[in-house]
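Written out below as structure tokens is the structure these notes cover.
Index from 1, following the sequence. Note that these values count all heavy atoms, side chains included, but never hydrogens, waters or copies made by symmetry. Since the structure is predicted, the reported quantities are computational estimates derived from the model, not experimental observations.
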Amino acid sequence: MSKSTKSRKKSPKRQPKNRRSGLWRLLFRFALLGLVVLAGWMVYLDAVVTSRFEGRRFEVPSRVYARPLELYDGASVSASGLARELELAGYRAGDGVKLGTYRRNGGRFVISARGFVFPDGEEPRRRISLVVSGDKVRSFSVVVGPTSPIVRLEPAQIGGIYPAHREDRVLVQLEEVPELLPSTLMAVEDREFYSHFGLAPLSIARAMLANIKAGRVVQGGSTLTQQLVKNFFLTREQTLLRKGNEALMSILLELHYEKDDILETYLNEVYLGQAGVRSIHGFGLASQFYFGERLKDLAPHQMALLVGMVKGPSYYNPRRHPKRAIARRNLVLDEMAEAGLLTEQEAKTAKAKPLGVSGKPSFTDNRYPAYIDLVRRHLARDYQEEDLQSEGLRIFTTLDPAVQHASEVAVSKTLPKLPGSEALEAALVVTAKDTGEVLALVGGKDPSFAGFNRAVDAKRPMGSLIKPFVYLAALEQAERYTLITPVKDQAFTLEFDDGKLWQPKNFDKQERGEVPLHRALSKSYNLPAVRVGLDVGIPQVQEKLRAFGITSPISDYPSMLLGSVNLAPVDVAQLYQGLATSGFNTPLRTIREVTDADNEPLSRYNLKVDQVADPAAVHLVQYAMQETMQEGTGRSAYYTLPDQLTLAGKTGTTDDGRDAWFAGFSGDLLAVAWVGRDDNGPTALTGASGALPIWSTMMAQIPQHGFSPVMPDGVQYHWVDTEANALTGEGCQNARLIPFVAGSEPDTHTGCNGDLGGQIRSWFEGLFR
């Protein structure tokens, strides 16, 4: 008992020790638990850091370029057109000596071309001199740089295909970056970048002291690594958890990767401004966005501005706040001098310079929304959308900025002059006649509005634009039809199996008895077209349309012979391309070539042609379409265009003027214009009064050659009396020189041999038949 009493007396002395050791055990357990949690969190953060850095770090949008402008002696370009195209490509008016500038004195230009890496090789930098006179280049010469008879200017960037988050950047590699830029960046943002391990405690302390003294945040202590982590992995929220993660991830980043790797990623990631909904990331794009120049060509004061903007791209935006931007730039220049990157004199000289920022960005991503829309549809045949948004592809298109400008002007200036213009809409498609390259596309009366693209999506009845194909089907049967074959212009009634009646009428409600086929086409009479179409057969006309490239359904009803076939303007352009190229189906193209970000070719879209119609018969149709312009429904085009410009074309009008069409071509261009209402309501317009004025206005602005068709084998021209349907002589009554498929000419003669000159010429021509 006494032993047990002694034992109990000792126990109070052990209790504090046990409590202390219990507390330590508890703390140890908490610490251990904390370490386990921290270790797990570190493992998670490490996975986040490495997966992003070892995968594809950036989604780089595809860049879409216009066709390059080629300059040489005799090149077709106007002085105003050249200046406009230079501005579009980001050139600035200046002394013509500094890269990316041009000097203009009337038609005399000196251009300091930047050079460009095209898919087929690099175009070096050159300074060129030229004189533009009469819409042609004269006295072209290379002043500085490798001599060449032809110089291609850097193509204008006309758009981009962006990731969903709308980040835009031009990736640069560290070895491409001028050494002064990262040195300046480190001098301003992180002087111990190459010596710290992601965090710089002294810098943090220094920043805290400065902020306490100022009573506000005037200095940051984050390293470049921390800034990169914040932008790359985290949000901008100011919380302790975010700051903790930032510190841990910075250490992990430094643990895994080289300093140069981190620096290069920073140079490509940093946010430097906003262009609408598009955010500008990285110094590579910022250089182009603010100065229109490549990063490696920047001067020290320009680098200083970009580095200064890291602190606040919106606050120091040089276009909106030039005074703030200059003050910030000069502060950076002082830092550069202090760090020994510039001498005091160099810094003083740089501070005296203007900002040198281009007046506006070299491109916007919605400059040509309708055209870019068609490019995307063509790209969708070969590329996935996600690749277009992230792989940095370079897409070289066929857009001609001068033709596009002329097209937009034609629509925006002509449409308001038409009756009922408030409710009208329009579309215009322009292609190169021989190649099918789409040079311009306007999708509505506001060309910059990225809405409903009428050039591609407005499927409307094509009206009388179908008639050349009806007559082509007939003229391919040379034993039955020639251009002078009399066709009945008389009303008739068709009764269908269900008892319904159809009575086609001419637009003017008149009937003319019989007319020669060429006149029926040039005057666009409906009754002869239906009669000829029914005679050759609706399936034959459908076959022609499909052969020329139409893939959409085509009605079996006779009304299709008057154009009840719904097509978009771009579809009509596809059809008429075949007529312009003498019977070759030439698929329309908006893209010449696609390369990857390293200029390795991925796709080349070469010219493809497939002969689908008899060239002799097409030649006869072309003749009638030229007659349309000279004597028929298209003759009002010459109120705007010069008489010597030979053209071929066709008007089209649907019931109540709901659709006004015109399609036609010169020696260089093919264009299709449409005017109508989105609600398909009636208008007071016809093809000649609604669409043709737009077409003519556009054509009048472009230097070009007249249409001069090459006469194919198997075609012969004869003087004929179209009233008598017989051969005659030049100068005789009703004499007209008309092409025939050889052997289909009349075998009778009026007996008139024409004047003496004509007889002699006929005698000589007979020798060579």
Side-chain angles (χ1 to χ4, degrees), residues 64-67 81 84-85 88 155-161 363-381 395-415 425-433 435-460 462 465 549 567-577 580 586-592 605 659 661-666 668-676 678 691 694-699 701-702 704:
V64 185
Y65 296 94
R67 64 95 184 90
R84 192 181 309 111
E85 191 147 345
L88 184 65
Q157 187 177 323
I158 58 172
I161 300 174
F363 75 97
T364 59
D365 59 348
N366 61 354
R367 179 68 183 84
Y368 306 117
Y371 190 90
I372 297 294
D373 177 35
L374 185 59
V375 169
R376 293 181 75 132
R377 296 182 196 218
H378 287 175
L379 284 169
R381 301 168 185 167
I395 299 157
F396 295 89
T397 73
T398 59
L399 181 131
D400 185 319
V403 179
Q404 179 69 29
H405 177 76
S407 301
E408 293 180 1
V409 169
V411 170
S412 60
K413 288 194 173 180
T414 308
L415 201 61
E425 272 292 352
L428 184 60
V429 181
V430 187
T431 69
K433 183 186 80 69
T435 64
E437 291 187 335
V438 181
L439 306 178
L441 195 88
V442 179
K445 60 184 175 185
D446 181 1
S448 63
F449 179 65
F452 182 50
N453 189 350
R454 294 163 190 82
V456 178
D457 292 323
K459 304 279 187 182
R460 307 296 285 262
M462 65 187 295
L465 294 190
L567 296 178
V570 74
D571 300 326
V572 175
Q574 174 66 72
L575 268 181
Y576 272 71
Q577 201 72 39
T586 309
L588 300 187
R589 296 181 297 153
T590 55
I591 307 164
R592 289 181 177 175
Y605 297 86
D659 303 282
W661 292 91
F662 189 83
F665 44 90
S666 66
D668 301 308
L669 303 178
L670 180 150
V672 175
W674 169 87
V675 175
D678 281 347
I694 290 177
W695 187 92
S696 305
T697 303
M698 185 280 297
M699 295 290 271
Q701 299 175 68
I702 306 296
Q704 56 189 301

Polar side-chain atom of [X] near backbone of [Y] as donor-acceptor pair, under 3.5 Å:
X      : Y      : answer
Arg589 : Pro587 : no
Gln704 : Met699 : yes
Asn453 : Ala370 : yes
Gln577 : Val572 : no
Tyr368 : Gly159 : no
Arg67  : Leu399 : no
Gln574 : Val570 : no

Task: salt bridge (Lys or Arg N to Asp or Glu O under 4.0 Å) partners for Arg84, two or more places apart - done: none
Rounded to the nearest 0.5 Å, how far does [atom2] of [Y] lie from [atom1] of [X]?
X      : Y      : atom1 : atom2 : value
Ile591 : Glu437 : CD1   : CD    : 11.5 Å
Glu425 : Lys445 : CD    : NZ    : 5.0 Å
Leu441 : Ile372 : CG    : CD1   : 10.5 Å
Arg367 : Leu88  : CZ    : CG    : 6.5 Å

Open item on the list: Looking only at side-chain N and O atoms, does Tyr605 offer a donor or acceptor that is under 3.5 Å from a partner on Thr397?
Closed with: no
Locate the shortest heavy-atom distance separating [X] from [Y]; write the atom from each residue and the value.
X      : Y      : result
Ala426 : Val411 : CB-CG1, 4.1 Å
Lys433 : Phe665 : CD-CD1, 4.2 Å
Ser407 : Ala440 : OG-CB, 3.5 Å
Thr586 : Thr435 : CG2-O, 3.4 Å

[Y] and [X], any side-chain heavy atoms less than 4.5 Å apart:
X      : Y      : result
Asp571 : Lys459 : yes
Met462 : Leu575 : yes
Thr398 : Arg592 : yes
Leu379 : Ile161 : yes
Lys413 : Thr697 : no

TODO: Report the residue from Trp674, Tyr576, Trp695 that forms a ring pair (Phe, Tyr, Trp, His ring centres under 6.0 Å) with Phe662.
DONE: Trp695
Task: side chain to side chain contact (heavy atoms under 4.5 Å, CB included) partner of Tyr371, chosen from Leu374, Val375, Asp373 - done: Val375
Task: Qualifying residue, where the test is side chain to side chain contact (heavy atoms under 4.5 Å, CB included) with Met698 and the options are Val442, Leu428, Val409 - done: Leu428
- [ ] Might you confirm whether atom CZ of Phe449 has over 12 heavy atoms from other residues, nucleotides or ligands at distances under 6.0 Å?
- [x] no
TODO: Check side-chain hydrogen bond (donor to acceptor under 3.5 Å, both in side chains) between Ser696 and all other residues, then give those that pass, not counting sequence neighbours.
DONE: none
